[in-house]
Novice: 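Below are the structure tokens for one structure; questions will follow.
Throughout, numbering of the chain's residues begins at 1 and tracks the sequence. Quantities reported herein were computed from a predicted structural model and do not represent experimental measurements.
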Amino acid sequence: MALDRAAGLAESARALAAGEVTSRALVEQALERIAAGQGPLNAFRVVRAEAALAEADAADRELAAGVRGPLLGVPVAVKDDMDVAGEPTAFGCQGEFPAVTQDGEAVRRLRAAGAVVVGKTNTCEFGQWPFTEGPAFGATRNPWSTEHTPGGSSGGSAAAVAAGLVPAALGSDGAGSVRIPASWTHLIGIKPQRGRISTWPRGESFQGITVNGTLARTVADAALLLDAASGNHDLDPHRPPAVDATSAVGRDPGRLRIALALKPPFTALPARLQPEVRAKVVELAEKLAALGHTVEEADPPYGQIGLTFIPRATVGLAERVGEAPFPALLDRRTRDAARLGRLLGGAPLRAARRAEAVLHRRIGGFLTSYDVILAPTTAAPPPRIGSMLKLGGLATDRAMIAACPFAWPWNVLGWPGVNVPAGFVGQGLPVGAQLLGPANSEPLLISLAAQLEAELRWHEAWPPAREIATDSPAA
């Protein structure tokens with residue numbers, strides 16, 4: 001027996017534990033869907049067909065022996081900035097990369113939970129942009145409209161989950177790179193507290209602004225993957241107290257004070273919330289009010305937070321570029337941004353890092369009046385494939401900020417955020433909204449997202465079959 005692609009992560013784990021399906025059957029099914037979807041979607045950089053089937057057989061032997069684990073035998077995918085032993089970690093770059101010898105800590109924990117990693121998903125070069133395209137692998141496309149991007153930089157993971165190729169996947173988020181593609185592909189995307197999911201072998205990724213997160217069709221599946229991947233390497237500098245994300249899914253969040261924040265944070269370049277996206281976020285706010293929450297318009301006191309983001313992002317990029325085996329093959333925009341990062345690596349970086357504590361106090365003070373912030377995830381629906389690919393550096397920055405000005409402040413703060421689907425605009429393009437909270441607030445955000453999901457049933461919507469050459473939800 002196989003499961004249809006709507007089964008999801010939790011249902012797959014349950015069926016495996018009950019003996020209703022084998023891991024080999026699920027992994028074979030995932031590999032078939034990946035193969036069928038690779039042409040129209042191009043979600044994967046690496047497909048581990050032989051290794052994944054061997055791991056599925058091992059999982060079946062464990063299941064037969066009575067062993068149980070949270071994800072034992074379940075196929076998942078990870079973004080290609082994460083180390084998987086025996087596979088290269090190209091992180092969107094051109095060139096032939098050597099296979100790494102050890103799993104990164106997040107992948108190690110997924111394996112310890114029993115998951116079978118079927119492949120590594122596409123990401124733009126060093127995860128810099130809200131699109132997933134480049135000369136290294138071509139263009140990754142959105143299952144809802146293959147003429148549009150799924151977003152970035154975790155676009156491959158988002159496309160794979162949205163199309164039902166895998167039930168859930170890991171991504172990473174340095175300026176919205178989980179939440180933006182979740183928004184543009186109608187998914188749940190959890191950006192957790194800094195350190196919740198280890199980024200080891202890097203104690204800090206991009207000077208601490210980048211964290212690993214989860215993408216899934218339902219809140220329960222995203223929370224389950226978060227619990228499975230969470231935890232720290234002994235040398236991790238950020239070690240937040242443990243949370244139980246899964247148990248929060250069925251919990252009543254209580255009556256909350258919610259700030260509806262529609263104004264983009266300060267950026268040096270123009271950004272405007274498009275009216276059709278604003279309308280969808282306001283509809284979500286009205287739904288939250290109907291559920292008994294107090295919702296009022298109020299914008300966090302972000303101030304000049306962008307001045308603290310740029311040094312951390314560009315210095316982090318310069319560190320990656322300094323390690324790149326094929327620097328001549330890198331995008332010119334990458335090399336230019338890395339050059340800026342090398343200039344900002346002294347006093348400006350130290351000042352940016354020190355400013356985080358000030359921002360915590362100021363925005364934390366705002367969050368004594370509100371429990372949760374509801375904000376747009378993006379200012380616009382997903383752009384067309386190729387619209388940003390060949391732009392120069394400043395033009396790319398303008399296009400990025402115009403489309404995605406809302407997500408990155410929470411990366412500076414290191415606090416949790418959850419994208420939830422907000423509906424569709426135009427010709428059926430998905431958009432989303434963020435639930436944002438203070439440090440270690442994942443359980444609250446997850447319980448609120450689950451309450452919305454129970455009302456809106458967004459996971460029942462699937463991309464149009466004409467866009468992707470995979471089976472239907474009932475197949």
Novice: Kindly confirm or rule out a cation-pi arrangement of Arg217 over Trp462, judged by NZ or CZ under 6.0 Å from the six-membered ring centre and within 45° of its axis?
Specialist: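 Yes, Arg217 and Trp462 form such a contact.
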
Novice: Would the distance check show the side chain of Thr334 and the main-chain N or O of Leu330 forming a donor-acceptor pair, the cut-off being under 3.5 Å?
Specialist: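 Flag not set: sc Thr334 to bb Leu330 has no pair under 3.5 Å.
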
Novice: Give the minimum heavy-atom separation between Thr121 and Gly156, together with the two atoms involved.
Specialist: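 Where Thr121 meets Gly156 most closely, the heavy atoms are CB-C, 3.5 Å.
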
Novice: Can a salt bridge be assigned to the pair Glu105 and Arg109 using a cut-off of 4.0 Å between side-chain N and carboxylate O?
Specialist: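 Yes, charged N to carboxylate O under 4.0 Å.
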
Novice: How about Asp336 and Arg333: do any of their side-chain heavy atoms sit closer than 4.5 Å?
Specialist: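 Contact flag for Asp336/Arg333 side chains = no.
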
Novice: As an exercise, state the distance from CG of Leu448 to CG of Asp371, rounded to the nearest 0.5 Å.
Specialist: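 Here the rounded value is 9.5 Å.
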
Novice: Do you know which two heavy atoms are closest between Ser154 and Val178, and how far apart they sit?
Specialist: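 Smallest interatomic distance, heavy atoms only, reads OG-CG2, 4.1 Å.
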
Novice: Less than 4.5 Å apart, any side-chain heavy atom of Ser157 and any of Leu170?
Specialist: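 No; the side chains remain at least 4.5 Å from each other.
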
Novice: Distance alone, cut at 3.5 Å: any donor-acceptor contact between the side chains of Asn212 and Thr199?
Specialist: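 No, no side-chain donor-acceptor contact under 3.5 Å.
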
Novice: Tell me whether Glu297 is salt-bridged to Arg278, with the criterion being a basic N under 4.0 Å from an acidic carboxylate O.
Specialist: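 Yes, Glu297 and Arg278 are salt-bridged.
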
Novice: Crowded around Gln427 CD? As in, over 12 foreign heavy atoms under 6.0 Å?
Specialist: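 No, the 6.0 Å shell around CD holds no more than 12 heavy atoms from other groups.
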
Novice: Do Lys79 and Ser153 get their side chains close enough for a donor-acceptor pair, meaning under 3.5 Å?
Specialist: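 Yes, a side-chain donor-acceptor pair sits under 3.5 Å.
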
Novice: Between Glu356 and Arg361 (salt bridge meaning N to carboxylate O under 4.0 Å), is one present in this structure?
Specialist: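 Arg361 and Glu356: not salt-bridged.
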
Novice: Can you classify the ring geometry of Trp129 versus Phe131 as parallel (below 30°), tilted (30 to 60°) or perpendicular (above 60°)?
Specialist: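 Parallel: the ring planes of Trp129 and Phe131 meet at under 30°.
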
Novice: Check for a donor-acceptor pair, side chain of Ser198 on one end and backbone N or O of Asn232 on the other, with a separation under 3.5 Å.
Specialist: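 No, because the side chain of Ser198 does not come within donor-acceptor range (under 3.5 Å) of the backbone of Asn232.
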
Novice: Tell me whether Trp144 contacts the main-chain N or O of Thr185 through its side chain, where contact means a donor paired with an acceptor under 3.5 Å.
Specialist: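 Here the side-chain-to-backbone pair exists.
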
Novice: Report yes if some heavy atom in the side chain of Asn440 is under 4.5 Å from a heavy atom in the side chain of Pro241; otherwise report no.
Specialist: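 The answer is yes; the side chains approach within 4.5 Å.
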
Novice: Measure the CZ-CZ distance between Arg196 and Arg239 for me, rounded to the nearest 0.5 Å.
Specialist: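 CZ of Arg239 is found 12.0 Å from CZ of Arg196.
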
Novice: Are the side chains of Trp408 and Ile305 in contact, using a 4.5 Å heavy-atom criterion?
Specialist: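 When only atoms from C-beta onward are counted, Trp408 and Ile305 do touch, with a gap below 4.5 Å.
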
Novice: Determine, stepwise, if the pair Tyr370 / Ile258 fulfils side-chain contact (heavy atoms from CB on, under 4.5 Å).
Specialist: CA-CA 6 Å; Tyr370 300 98; Ile258 299 174; over 6 Å; no

Novice: Please round to the nearest 0.5 Å and tell me the distance separating atom NZ of Lys191 and atom CG of Leu215.
Specialist: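 These two atoms lie 13.5 Å from each other.
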
Novice: If I take atom OG1 from residue Thr140 and atom CZ from residue Arg45, how far apart are they, to the nearest 0.5 angstrom?
Specialist: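 Between atom OG1 of Thr140 and atom CZ of Arg45 there are 10.0 Å.
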
Novice: So does Phe126 get a backbone contact from the side chain of Arg320, meaning a donor-acceptor N/O pair under 3.5 Å?
Specialist: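 Judged by distance alone, no pair lies under 3.5 Å.
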
Novice: Does the salt bridge (Lys or Arg N to Asp or Glu O under 4.0 Å) test come out yes or no for Glu204 and Arg353, once each step is laid out?
Specialist: CA-CA 12 Å; Glu204 286 195 322; Arg353 298 297 304 249; 2.8 Å; yes

Novice: Check this for me, if you would: do Asp80 and Lys120 make a salt bridge, where the nitrogen-to-carboxylate-oxygen distance has to be below 4.0 angstrom?
Specialist: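 The answer is yes: the pair qualifies as a salt bridge.
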
Novice: The test is side-chain contact (heavy atoms from CB on, under 4.5 Å); show your working for Asn419 and Leu187 and say whether it passes.
Specialist: CA-CA 8 Å; Asn419 177 80; Leu187 296 178; 5.7 Å; no

Novice: Please determine whether a side-chain nitrogen of the Lys or Arg among Asp299 and Lys263 lies less than 4.0 Å from a carboxylate oxygen of the Asp or Glu.
Specialist: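 Judged by the 4.0 Å cut-off on N to carboxylate O distance, Asp299 and Lys263 do not form a salt bridge.
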
Novice: Do the side chains of Gln434 and Pro376 get nearer than 4.5 Å, heavy atoms only?
Specialist: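 No, too far: nothing below the 4.5 Å cut-off.
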
Novice: Taking the side chain as C-beta and beyond, is there a heavy-atom pair between Phe137 and Thr123 under 4.5 Å?
Specialist: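 In short, these two side chains do not touch, never coming nearer than 4.5 Å.
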
Novice: Report yes or no: does Thr132 contribute a side-chain atom to a donor-acceptor pair with the main-chain N or O of Gly151 at less than 3.5 Å?
Specialist: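 Indeed, once roles are kept as given, a pair shorter than 3.5 Å links the two residues.
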
Novice: Between the side chain of Glu442 and the main-chain N/O of Gln193, is any donor-acceptor distance below 3.5 Å?
Specialist: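 The answer is yes, because a donor-acceptor pair under 3.5 Å joins these two groups.
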
Novice: Find out whether Ser441 and Leu436 are in side-chain contact, i.e. whether some heavy atom of one side chain is under 4.5 Å from a heavy atom of the other.
Specialist: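 The answer is no, as the side chains (C-beta and beyond) never meet within the 4.5 Å cut-off.
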
Novice: With a 6.0 Å cut-off on the ring centroids, do Trp458 and His186 count as close?
Specialist: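 No, too far apart.
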
Novice: Answer whether the closest heavy-atom distance between the side chains of Ile190 and Val219 falls below 4.5 Å.
Specialist: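 Heavy-atom side-chain distance check fails, nothing below 4.5 Å.
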
Novice: Should we say atom CZ of Arg14 is surrounded by more than 12 heavy atoms from elsewhere, each under 6.0 Å from it?
Specialist: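 Atom CZ in Arg14 is crowded, with more than 12 foreign heavy atoms closer than 6.0 Å.
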
Novice: Hey, mind stepping through Arg202 and Glu323 against salt bridge (Lys or Arg N to Asp or Glu O under 4.0 Å) and telling me if it holds?
Specialist: CA-CA 13 Å; Arg202 294 177 182 272; Glu323 301 167 5; 2.4 Å; yes

Novice: Could you check whether any side-chain N or O of Arg179 sits under 3.5 Å from a backbone N or O of Gly189, counting only pairs where one atom can act as donor and the other as acceptor?
Specialist: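 Not confirmed, Arg179 side chain does not pair with Gly189 backbone.
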
Novice: Is the ring centre of Trp415 less than 6.0 Å from the ring centre of His360?
Specialist: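 Distance test on ring centres: under 6.0 Å, yes.
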
Novice: Quick check against the 3.5 Å criterion: does Arg194 have a side-chain atom that pairs as donor or acceptor with the backbone of Ile209?
Specialist: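 It does not hold such a pair.
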
Novice: Say whether, by atom type as modelled, one donor and one acceptor occur between the side chain of Arg141 and the main chain of Ala43 under 3.5 angstrom.
Specialist: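 Absent.
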
Novice: How far does CG of Leu343 sit from OG1 of Thr314, to the nearest 0.5 angstrom?
Specialist: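 If I round to the nearest 0.5 Å, the distance is 8.5 Å.
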
Novice: Give a yes or no on whether the backbone of Thr149 and the side-chain of Asn142 come within a donor-acceptor separation of less than 3.5 Å.
Specialist: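 It does hold such a pair.
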
Novice: Nearest 0.5 Å please: distance from the CZ atom of Arg108 over to the CE atom of Met82.
Specialist: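 Arg108 atom CZ to Met82 atom CE measures 15.0 Å (nearest 0.5 Å).
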
